[in-house]
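Everything below concerns the one structure shown next.
Note that the structure is a prediction, hence the values are computed from the model and not measured. Labels below follow one simple rule: chain letters A, B, ... track the order of the sequence lines, proteins then strands, and each chain is numbered from 1.
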Amino acid sequence: AQSVTQPDIHITVSEGASLELRCNYSYGATPYLFWYVQSPGQGLQLLLKYFSGDTLVQGIKGFEAEFKRSQSSFNLRKPSVHWSDAAEYFCAVGAGNTGFQKLVFGTGTRLLVSP
Amino acid sequence: EAGVTQFPSHSVIEKGQTVTLRCDPISGHDNLYWYRRVMGKEIKFLLHFVKESKQDESGMPNNRFLAERTGGTYSTLKVQPAELEDSGVYFCASSLRPGGVHEQFFGPGTRLTVL
């Protein structure tokens, strides 16, 4: 069965510092991979997605992620964190027949940004 | 364009009572999904509608949960009778088409507390 692991429950980063959030997945075929962000009181917003092609994917808000098949990883990065990036981040893999029908999520990583 | 809306935003009920959650997808989106996040755990898929038909309800926990989508527009998720373990945040998402590159747009969620 498909699964996603986000090993870090909480991460604290200083404003202006770089960020990397880890995500490992388990999926038999070529995965569809996603990163979502949830700010307080908001729904989940898609940051970026990987389906095929270039393994380095650019997203919104200055985020990027790199797909590494050999490591079954899809880590999220940002070179310089802003206070507004404080939120909860979810990695997900698309699963199901005929493309994907549902998302399988990790447990999320809460990002705290210190001044 | 209005996003996915959910009502209520919060609900507190006693064990054994009934609660109905509502989701209004983005206009024109045939695909509607329900997910749930129990505290500290991952966001889990509950079911997927295509228009008014249930495409996949493999994630529904038990027969105390009933989801409907009248006329292929809004959807309701009824829990009857509610148990303590039903507490969590219920998310609704919609997409234009299933599978492939079609993003799922999420609502802000309904936080359900069963006392």
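For chain A, the nearby part of B:R37 is the side chain; its heavy atoms alone come within less than 4.5 Å. When heavy atoms are compared at a cutoff of 4.5 Å, B:S58 approaches chain A solely by way of its side chain, counted from C-beta outward. For A:Q38, the part sitting under 4.5 Å from any heavy atom of chain B is the side chain, from C-beta outward, and nothing else.
B:L112 and B:F106 fall into different hydrophobic clusters, where Ile, Leu, Val, Met, Phe, Trp and Tyr are joined by side-chain heavy atoms under 4.5 Å apart, directly or via other members. Criterion: ILVMFWY side-chain heavy atoms under 4.5 Å apart, direct or through other members. Under it, A:Y27 and A:V57 are part of a common hydrophobic cluster. Taking hydrophobic clusters as Ile, Leu, Val, Met, Phe, Trp and Tyr residues chained together by side-chain heavy-atom distances below 4.5 Å, B:L47 does not share a cluster with B:Y33. Under the 4.5 Å side-chain contact rule for hydrophobic residues, B:M60 and B:V79 share a cluster. Connection of A:L48 to A:Y89 is established within a shared hydrophobic cluster, with ILVMFWY side chains joined at heavy-atom distances below 4.5 Å, either directly or through further cluster members.
Shown here for A:G41 and B:P108, the closest heavy-atom pair between the two residues is O-CB, 4.0 Å. Minimum interatomic distance between A:L103 and B:F45 (heavy atoms only, all atoms of both residues): O-CB, 4.2 Å.
Shown here is A:I9, whose CD1 atom has no more than 12 heavy atoms of other residues, nucleotides or ligands within 6.0 Å. More than 12 heavy atoms of other residues, nucleotides or ligands lie within 6.0 Å of NZ in B:K54, so this atom counts as buried by the packing criterion.
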(Q) Set out, in order, the CA-CA distance, both residues' side-chain angles and the distance that settles side-chain contact (heavy atoms from CB on, under 4.5 Å) for B:Y35 and A:L44, then state yes or no. (A) CA-CA 12 Å; B:Y35 293 84; A:L44 281 77; over 6 Å; no

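Side-chain contact between A:F34 and B:E103: absent, with no pair of heavy atoms (C-beta onward) separated by less than 4.5 Å. No side-chain heavy atom of A:V4 sits less than 4.5 Å from a side-chain heavy atom of B:E42.
With rounding to the nearest 0.5 Å, the separation of OH in A:Y36 from CZ in B:F91 is 12.0 Å.
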